[in-house]
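Remember, it's 1-based here, ligands and their atoms both numbered in the order they're listed.
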Amino acid sequence: MNLRAVKGMKDILPDEISKWHRLESAFRQRVEGYGFREARFPIVEPTALFVRSIGETTDIVEKEMYTFTDRGDKSLTLRPEGTASSVRAFVQHSVQAREPVTKWYYVGPMYRRERPAKGRYRQFYQAGIEVFGDPGPFIDAEVIDMVVGVISTLGITEVEVLVNSIGGPEARENYRVALLAYLAPYRAELCADCQRRVDANPLRVLDCKVPRCAEIAADAPSILKHLTDDDRAHFDGLQETLTILGTPYRVDGSLVRGLDYYTRTLFEVLGKGEGLGAQNALLGGGRYDQMVKSFGGPDTPAIGFAMGLERLLMAMPESEPDSHVDVFIVAAQAGVRGEATLLGRELRDAGLRVESDLRGGSLKSQLRRADKINTRIAMILGEEEVEEGVVQLKDLQNKTQDKVPRAEAAQRVHALLSE
Ligand code: AMP
């Protein structure tokens, strides 16, 4: 039987995990510094949740969702993104009744049946945030600056921040009319998907990756010319605040992004370094002021973003391999292996990460193993040491060895590690 992971879904093995931990903790630490708190939502949701929020004519809903009927004949879908669930939970738990502004973050797997490629998977991880209750534009600039901060603490330096505004419903409607007029003569040249979608949502055409559609879209009128005065003031406020923060950005009037629910502010951060290839969008986000209301909640403005963890990992510089273990215990004779397990527990109780190999191999082979996993310190315990109440503390990096009272061993290791 040839049992393999589903195409486009990857195993993450322990050798890779420290980079993931570094990324996730940089994200958590940064966003918690801005008052965000973690929320966790189900991975499976009613299909209608995504169809209604992401939009019927989007790529995700039309061709990428993992949708199935459960044994109770309900249509369920593996979540393709996190915002729909956040909004559902916000409304379901009447969170607005408890606090005027809500700041949530989440980290977890998402599912889209896209064509797998470098940086594009069918199960991938996103870390995202949502802010409910603040109409902006200051918070818009603050979350953009916050995520730029996350990226820079990861050592990713070559990025470009794109911002745009697609206005509110009034601007969107005016723009729809203008865009339809522009697209009319090109209709027959658009790809089959765009021809089908143009009436339902012509903005989709601007997001199409088919070369001819992209060419046509490049000369389309800009949505920025159709903003209302309020939309314009909002967008100006966002840009002024980014300037105060010193966050470099570029206005890209063609940025519309692939989901229907956005209003006003849109942004994307692109990775410019090598190694990312064509999938260089590190994260995307925007404002979705109508969504809470359309889910049956109160009129609540909101903004959020989601970043793709695999892409950030690809853009992060390599770092020194570190060990998952502080101390390796070596039993000098087979007879002290029981005592070695006790020593291990003593050290772990003192907060150290301890490994040993008590299968009965030679002293040399145990030391080789300690070296292989990059352990800094080996602690050798033999019959004499047990008798005397000491251990041999071997610093594998500085190549020194010391006899240390067993009661002080953990303390000595902590001191060495913090040097
Ligand atoms: P989106 O939810 O489409 O706005 O995507 C937000 C971010 O998630 C993107 O900028 C990517 O970094 C990441 N992402 C989206 N789709 C995929 C995928 N299929 N594989 C890996 N990362 C993805």
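Residue Arg40 places its CZ atom among 12 or fewer non-hydrogen atoms of other residues, nucleotides or ligands, all under 6.0 Å distant. No more than 12 heavy-atom neighbours from other residues, nucleotides or ligands sit within 6.0 angstrom of CD on Gln411.
For the side chain to side chain donor-acceptor pair (under 3.5 Å) test, residues two or more places apart in sequence or in another chain that qualify with Glu99 are Thr102.
Note that CD of Gln366 is 8.0 Å distant from OG of Ser356, once rounded to the nearest 0.5 Å.
Enumerated by chain and number, the residues approaching ligand 1 to less than 4.0 Å through a heavy atom are Arg112, Glu114, Gly119, Arg120, Tyr121, Phe124, Gln126, Arg257, Ala281, Leu282, Leu283, Gly284, Ala306, Gly308, Arg311.
Applying ring-ring contact (aromatic ring centres under 6.0 Å, His included) to Tyr288 and the options Phe295, Tyr262, Phe305, Tyr261 leaves one that passes, Tyr261.
No donor-acceptor pair closer than 3.5 Å links the side chain of Arg412 to the backbone N or O of Val404.
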